[in-house]
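This report concerns only the one structure given below.
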There are 2 protein chains.
Amino acid sequence: MTGATETTAESFERGGGIAVWRRIADAIEAEIAAGNMAQGDKLPTEATLAQRFGVNRHTVRRALAALAADGAVESTRGSGTFVGSARIPYPIGPSTRFSAIMTAEGHVAGAELIGAETVAASRVVAEALEIEEGAPVLQVKLKRLSDGMPVSLGTSFLPLPRFAGFPEALRAQGAVTPALKACGVQDYSRRETRISARLATGAEAATLQLEAERIVLMATGLNVDDAGVPIQFTEALFAASRIELVVGSGL
Amino acid sequence: MTGATETTAESFERGGGIAVWRRIADAIEAEIAAGNMAQGDKLPTEATLAQRFGVNRHTVRRALAALAADGAVESTRGSGTFVGSARIPYPIGPSTRFSAIMTAEGHVAGAELIGAETVAASRVVAEALEIEEGAPVLQVKLKRLSDGMPVSLGTSFLPLPRFAGFPEALRAQGAVTPALKACGVQDYSRRETRISARLATGAEAATLQLEAERIVLMATGLNVDDAGVPIQFTEALFAASRIELVVGSGL
DNA sequence: GGCGATTTGTTCGTATGTATT
DNA sequence: CAATACATACGAACAAATCGC
């Protein structure tokens, strides 16, 4: 590596307004953005960086953790820390079909049913599905895979008794659209999507095969059938380091 | 010697699969979700929580930091840690007008020009604006306010010489739409929006009046005039703790 | 308004666990 | 198996902001 643009310890002294770990994080990020490091390149070890910046290893770790949260870098225990990879575009629109999207991008799509159970509709779910609060709804959790790598973690609520046969159909078909068709839904579309971002909980991180403290994009929305009747209230989590949501673009 | 670490329901012993700080974070989040604590309520002090969970204060801080990143809690030095507040919906669509949105929601909108300078178009910008790479473009940075509180931080690129008078018009008008009109753009619309999430850099956090290490939603997009000619490549940052993006819904 | 106690923020030091090479 | 490298946790000290008296 070139030591030409190396930042010296001089500028990272303690007690200068902005925290040292943040200045280090920005410095490393700038280094990557400047194109000095390519995707997948290995960063110096934490110990090396600590020595280079003249700080404790904790301080470097704090900086690296901030960069790892959004995928700028990826750390692997025992191996090292590496420059992260680009995000896969994921179109969001009136007709969003996971399998179709991934196939079009050249990936192998898959869906794995994690669980299905009957629960009482919460206020939010009931309002969206236009049913009574407390009415029985089917809660389905599924993991979506692209080339075997978990991409999203979805929780859906479907009204009963209309979709009582959905879990079995999903298990049999392996994708949502044909399973809905088996329940008599010829076509469906997305009415509204709300997008927010937060950190993954422990269970979510484990399911998505994410390291700790990673950012997820949360897209909640309502699907309606061709008659405009709400059929599915969904909440999908995407690893922000792997996915970029795309809105519009002629869809 | 660890005999009498009575504490709460669960024991948070070391070395059991999932990290202690994560289990504590999930426990506190569950506590909030259960409705035991309302918006703005003060959490116990870090020292108290550390004692209660039988861990070091660092471990509690790690858990609280995870919750603070997405706004579940908010910490203030010298004061304490409090339960965070709800997010404001922000519609994204073909015709997104900040001032109109905020006024409709009952807020007072404002835009503050941070900087305007002529730069050479990068590959990404050039491609979007359909101009030559390296051609001069106007880079405008502005901060959008709602009721005086910073909501978003935007960077726009506009082709020259068409929009040479834009900064002056923006300064005079105080909003983007009339400023564009002054440059001869009768109407414009959004062609595509890409949404991702990451952590704010030091400078961004400062401008948005965010604490360190907070999550931001990044929406990049292209605006075209009524003739379909690209006029503005924009990148807007939103504090994920304050904003929720809304796509669709009859817009 | 001043001042000390409280509370969160940052950094260093140390030790140990665990996965990779 | 040993060395390397990241992950987690504890302890100590001090800085900086706030709050109550």
Side-chain angles (χ1 to χ4, degrees), chain A residues 9 12-26 28 40-69 73-84 202 205-206 209-214, chain B residues 1-2 5 7 11-26 28 40-69 73-84 202 205-206 209-214:
Chain A
F12 292 92
E13 278 160 16
R14 200 169 170 173
I18 300 172
V20 177
W21 67 263
R22 175 166 280 299
R23 277 179 286 167
I24 292 175
D26 289 350
I28 295 174
D41 279 7
K42 187 174 186 301
L43 272 68
T45 68
E46 293 176 351
T48 306
L49 288 171
Q51 194 179 13
R52 180 176 303 175
F53 289 122
V55 298
N56 190 271
R57 195 181 137 226
H58 277 314
T59 311
V60 167
R61 280 185 58 73
R62 185 91 195 257
L64 289 176
L67 296 174
V73 305
E74 289 172 24
S75 299
T76 311
R77 192 188 311 209
S79 176
T81 304
F82 306 85
V83 178
Q209 285 177 29
L210 284 173
E211 298 309 308
E213 217 167 342
R214 290 299 179 78
Chain B
M1 65 137 204
T2 39
T5 44
T7 66
S11 70
F12 291 89
E13 279 161 14
R14 204 167 169 174
I18 300 172
V20 178
W21 67 263
R22 175 165 281 297
R23 279 179 286 167
I24 292 175
D26 289 350
I28 294 174
D41 279 7
K42 187 175 186 302
L43 272 69
T45 68
E46 293 175 352
T48 305
L49 288 171
Q51 194 179 13
R52 180 175 302 172
F53 289 121
V55 298
N56 190 272
R57 192 181 138 224
H58 277 313
T59 310
V60 167
R61 280 184 59 73
R62 185 92 194 260
L64 289 176
L67 296 174
V73 304
E74 290 172 23
S75 298
T76 311
R77 189 193 305 203
S79 177
T81 304
F82 306 84
V83 178
Q209 285 177 27
L210 284 173
E211 300 308 308
E213 214 167 344
R214 290 300 179 79

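Reminder, nothing fancy here: chain letters follow the sequence lines and each chain counts from 1.
When the options A:R57, A:R77, A:R52 are evaluated for a salt bridge (Lys or Arg N to Asp or Glu O under 4.0 Å) with A:E46, the one that passes is A:R57.
For the pair A:T81 and D:dC6, the criterion of a side-chain N or O lying under 4.0 Å from OP1 or OP2 is met. Considering only side-chain N and O atoms, A:N56 lies nowhere under 4.0 angstrom from the phosphate OP1 or OP2 of C:dT11. Under 4.0 angstrom from either OP1 or OP2 of C:dT8 there lies no side-chain N or O belonging to B:R61. Within the 4.0 Å cut-off from OP1 or OP2 of D:dC6, not a single side-chain nitrogen or oxygen of A:S79 is found. Contact check, B:T76 against C:dT7: no side-chain N or O comes under 4.0 Å of OP1 or OP2.
Comparing D:dA7, D:dC10, C:dT10 by their closest approach to the side chain of B:V55 singles out D:dC10. With C:dT11, D:dA5, D:dC10 as the candidates, the nucleotide lying closest to the side chain of A:T45 is D:dA5. Closest to the side chain of B:R77, out of D:dA17, D:dA9, D:dC10, is D:dA17. The A:V20 side chain lies nearest to C:dT11 when the options are C:dT11, C:dT8, D:dT8. Closest contact between the side chain of B:R62 and the listed nucleotides C:dT8, D:dT8, C:dT11 involves D:dT8.
Contact annotation: side chain of A:H58 to base of D:dA7, donor-acceptor pair absent below 3.5 Å. A donor N or O paired with an acceptor N or O is found under 3.5 Å between the base of C:dG9 and the side-chain atoms of B:R57.
Between A:I24 and A:L49 the shortest side-chain heavy-atom distance does not fall below 4.5 Å.
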